[in-house]
Amino acid sequence: MIAVKGGGSMTEVKTAYPCFTARNVPISELAEVIGRSQEFLKIGLRQGVFDFGYAVKSESGSQYSYYCPDKLVWEKLGYFNADTANPDEV
């Protein structure tokens with residue numbers, strides 16, 4: 001909650017935040033929302049260009065896993081989807 005002074009009095013301004021669950025937002029969902037390819041997003045995460053998730057290289061060194069937590073995606077991209085049962089409805 002933020003108090004804002006205006007017109008000689010204090011006014012309360014409340015901000016509503018989504019209910020974050022630490023859900024891993026799939027790359028496919030982000031690609032659809034952003035309008036870019038999955039490969040584009042994966043390369044950006046691997047190179048550290050994008051800061052809305054993480055790319056972790058496997059021990060074998062040939063594959064990556066991606067973690068894009070819902071809170072970080074919302075903070076960086078402004079996107080949040082509470083309907084985890086049907087992520088296609090964005």
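Since the structure is predicted, the reported quantities are computational estimates derived from the model, not experimental observations. Along the sequence shown, the residues carry numbers beginning at 1.
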Which value, rounded to the nearest 0.5 Å, describes the distance between [X] atom [atom1] and [Y] atom [atom2]?
X	Y	atom1	atom2	answer
R23	C68	CZ	SG	10.5 Å
C19	F80	SG	CZ	6.5 Å
E29	I34	CD	CD1	10.5 Å
F20	L72	CZ	CG	10.0 Å
F50	R36	CZ	CZ	7.5 Å
L30	F52	CG	CZ	5.5 Å

Tell me every residue that passes side-chain hydrogen bond (donor to acceptor under 3.5 Å, both in side chains) with N24, counting only those two or more places apart in sequence or in another chain.
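N24 satisfies side-chain hydrogen bond (donor to acceptor under 3.5 Å, both in side chains) with no other residue.
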
Please work out which of the three classes, parallel, tilted or perpendicular, describes the rings of Y17 and W74, given edges at 30° and 60°.
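Taking Y17 first and then W74, their aromatic rings stand perpendicular (interplane angle over 60°).
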
Taking the side chain as C-beta and beyond, is there a heavy-atom pair between R46 and Y64 under 4.5 Å?
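Yes, side chains in contact.
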
Does a side-chain heavy-atom distance below 4.5 Å link N81 with V25?
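No. Closest side-chain heavy atoms not under 4.5 Å.
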
Under the salt bridge (charged side-chain N to carboxylate O under 4.0 Å, His left out) definition, can you give me all pairs with a residue in residues 51-66, not counting sequence neighbours?
D51-K76

Is [Y] reachable from [X] through a run of hydrophobic residues whose side-chain heavy atoms are each under 4.5 Å from the next?
X	Y	answer
F40	L45	yes
V49	I27	yes
V73	Y67	no
L41	Y79	yes

Minimal heavy-atom distance between D70 and A22, with the atoms involved, is OD1-N, 3.1 Å

Could you tell me which non-hydrogen atom of A31 sits nearest to which non-hydrogen atom of S37, and how far apart they are?
CB-C, 4.0 Å

